[in-house]
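In what follows, a structure is listed as structure tokens, so that the remarks can point back to it.
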Amino acid sequence: MTHRPGRAQRSASDLASLLGRIDGRGYGAYRELLGEWNLGEFLLAVDHVQADPFASPSRMRVRVPMPLAGFPRSLFLGSVRRMALEDFLARVFRARVRQEHRRKLGSGKSGLISIDAGGQEVLERAACRVEEEFVEARISVGLPAAGRSVLGREARTLLLEILPSVVRGSLFYRSLDSDLVSRFVKTVEDAEALRQALPMRGLVAFVADGSVLPRRSGVDDRPLPVPPARPFVSPPELRVTMETPNRGPVTGMGIPEGVTLIVGGGFHGKSTLLRALERGVYNHIPGDGREYVVTRATAVKIRAEDGRRVEKVDISPFISSLPTGQDTREFSTDNASGSTSQAANIIEALEVGVEVLLIDEDTSATNFMVRDRKMQLLVSKEQEPITPFVDRVRELYEKLGVSTVLVMGGVGDYFAVADTVIMMDSFQPKVVTDQAKAIAAAGEARSEEAREPLLPPTPRAPVPSSVDPFRRGKVKIQARGVGTLVFGEEVVDLSAVEQLVDASQTRAIGEALYYALRRGYLDGELTLAEILKAVYADIGEGGVEVISRMSEEHPGELALPRPQEVAAALNRLRSLAMRQRK
Ligand code: ADP
Ligand code: MG
């Protein structure tokens with residue numbers, strides 16, 4: 001914590017008497033709280049005081065010196081364990097608040113204490129920091145008021161009784177269940193180790209035996225209880241054993257690099273498996289069911305997204321000679337079709353680095369995925385602008401090293417191009433590659449439609465003036481849930497960016513874009529990939545909070561998004577202008 005010169009650290013009794021003194025005064029009197037308080041077991045830093053009881057709550061930090069917090073170093077040794085412990089402590093803090101404090105203490109947000117803790121995924125977030133010397137939680141507190149006047153007594157209860165009790169119950173190691181903490185940290189570390197090991201094993205994903213993939217509902221991401229959920233059992237042909245640092249050997253299904261098809265009847269669990277792979281870029285909390293389902297970190301879900309904006313993307317590998325005569329090597333539109341949006345989504349993923357494309361027939365444009373033999377006979381190649389994905393998927397792997405995992409229950413034309421075919425049968429995978437290949441060989445082949453060879457995408461540089469976080473002279477960056485980013489004058493629809501999982505990631509995306517502008521990375525010269533590299537190098541040094549624009553030490557509610565999702569948001573800005581760098 002910074003020491004504000006000339007101001008001695010004030011004590012708990014100073015705080016109590018201040019709150020007594022300002023009782024009944026106008027809400028602005030709370031500004032006297034700004035600065036640091038030594039409350040004995042911890043330091044309280046009041047970084048920002050809300051303007052009134054209805055405004056967003058005041059920002060505070062509580063910092064417990066490590067000798068008091070007492071966490072064994074082994075729990076935060078190394079960046080993975082530290083991140084896991086920080087994520088865990090934010091959850092415990094939130095749970096403690098819920099347990100100990102349910103009352104509202106006045107008008108508006110009076111009496112509220114909150115921390116930005118996560119859901120099923122474990123993310124690097126700004127809510128909690130664990131250092132050698134201390135543990136710090138960054139929280140929001142609604143300072144109590146009646147109407148607009150200070151409720152000093154309630155504030156005293158809140159800051160000098162409830163808050164200390166929450167802090168003692170969450171940031172002190174001795175209050176925690178040591179087995180729970182250790183299990184959390186070790187689970188995350190094991191998942192991370194599994195993911196790191198994928199490339200060496202030639203795998204794009206791993207699904208441990210016993211994993212529970214289905215969720216309770218479309219709006220409840222917790223696991224479906226077993227039963228009715230059927231735990232995952234790997235097929236013998238793809239069964240691999242992976243080593244983990246804590247759990248030892250873990251056995252499950254390894255999905256090899258190349259082109260993998262997931263087939264099977266409707267309602268047999270194909271999409272559920274793919275969704276688990278999408279989320280496998282993240283680590284999960286113990287009990288999630290997907291703790292040991294891991295996918296290469298750069299994997300991107302690709303889908304059709306008609307209506308989206310596209311700015312100067314070279315979609316010519318998939319779409320050329322449009323009836324409008326538009327040049328698809330520099331394709332822009334305010335209203336993409338199903339197929340053009342899906343093509344743009346692929347090229348944009350390639351542009352910022354992707355090792356695996358994840359595609360589900362449920363959310364794909366049929367004409368983008370395939371043109372079957374009958375259609376080829378009726379509509380000639382000359383009349384069809386689209387080179388279907390089926391004619392590019394092998395090239396993607398062989399030339400660019402990009403694997404694909406594709407759910408396809410409706411069309412057999414992919415048998416010919418697949419390396420591995422997995423059939424989901426009553427939620428259990430079976431390997432049916434040989435049968436599929438035999439069927440492909442027996443039937444009459446469709447003709448291959450790719451003409452020009454597939455090349456890596458042309459890099460693009462975003463134009464700084466087209467990325468504007470200001471609205472009426474003020475920075476406006478806000479997340480409305482996970483799927484909507486308010487950025488300056490724009491409301492960016494991210495609902496089709498399916499690997500975003502947390503509204504604090506959405507917020508962080510907005511902050512990352514503004515940070516890239518402020519730091520001069522987004523300068524009109526650097527390409528999108530270069531900009532992201534620079535931003536993430538800084539985050540690697542200083543944590544996700546480096547992108548925060550807050551002048552105070554409280555960085556706000558931020559969780560780390562992947563570069564892929566930052567790019568996705570930028571690419572969906574309606575105002576975006578790009579220059580291709582040929
Ligand atoms: P598909 O894509 O093959 O049509 P889904 O993946 O959408 O099938 O799954 C159909 C339903 O079955 C969903 O409601 C899903 O939650 C449920 N489900 C998926 N996997 C399992 C499983 N392992 N055990 C029990 N239910 C499952
Ligand atoms: Mg499905």
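We count ligands from 1, going down the list as the structure has it; atoms in each ligand are counted the same way. Sequential numbering from 1 along the given sequence is applied to the chain's residues. Only this structure's heavy atoms are used, side chains among them; waters, hydrogens and symmetry mates stay out. In this text, all values refer to a predicted model and were calculated from it rather than measured experimentally.
- Side chain of Q499 to main chain of A299: a donor-acceptor pair is present (N/O by atom type, distance under 3.5 Å, no hydrogens or angles).
- Counting only distances under 2.8 Å, and ignoring water, the protein N, O or S atoms around the Mg ion (ligand 2) are S271 OG, D362 OD2.
- The nearest pair of heavy atoms linking G556 to A126 is O-CB, 3.8 Å.
- The main-chain N or O of L203 is found under 3.5 Å from a side-chain atom of R296 such that the two form a donor-acceptor pair.
- A salt bridge (charged side-chain N to carboxylate O under 4.0 Å, His left out) with R279 is found for exactly one of D288, D502, D221, namely D221.
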Q: Under the side chain to side chain donor-acceptor pair (under 3.5 Å) rule, what do T433 and T420 come out as? Steps first, then yes or no, please.
A: CA-CA 5 Å; T433 312; T420 308; 5.2 Å; no
(Q) Could you walk me through whether R195 and N283 satisfy the side chain to side chain donor-acceptor pair (under 3.5 Å) test, starting with their C-alpha distance in whole Å, then the side-chain angles of each, then the deciding distance to 0.1 Å, before giving a yes or no? (A) CA-CA 9 Å; R195 190 175 301 104; N283 301 317; 2.9 Å; yes
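- No side-chain donor-acceptor contact under 3.5 Å links D306 and S341.
- Looking only at distances, no side-chain donor or acceptor of N345 sits under 3.5 Å from a matching main-chain atom of I302.
- Side-chain atoms of E361 come within 3.5 Å of backbone N or O of G410 as a donor-acceptor pair.
- Listed by chain and residue number, the protein contacts of ligand 1 are P214, P228, A229, R230, G265, G266, F267, H268, G269, K270, S271, T272, F427 (heavy atom within 4.0 angstrom).
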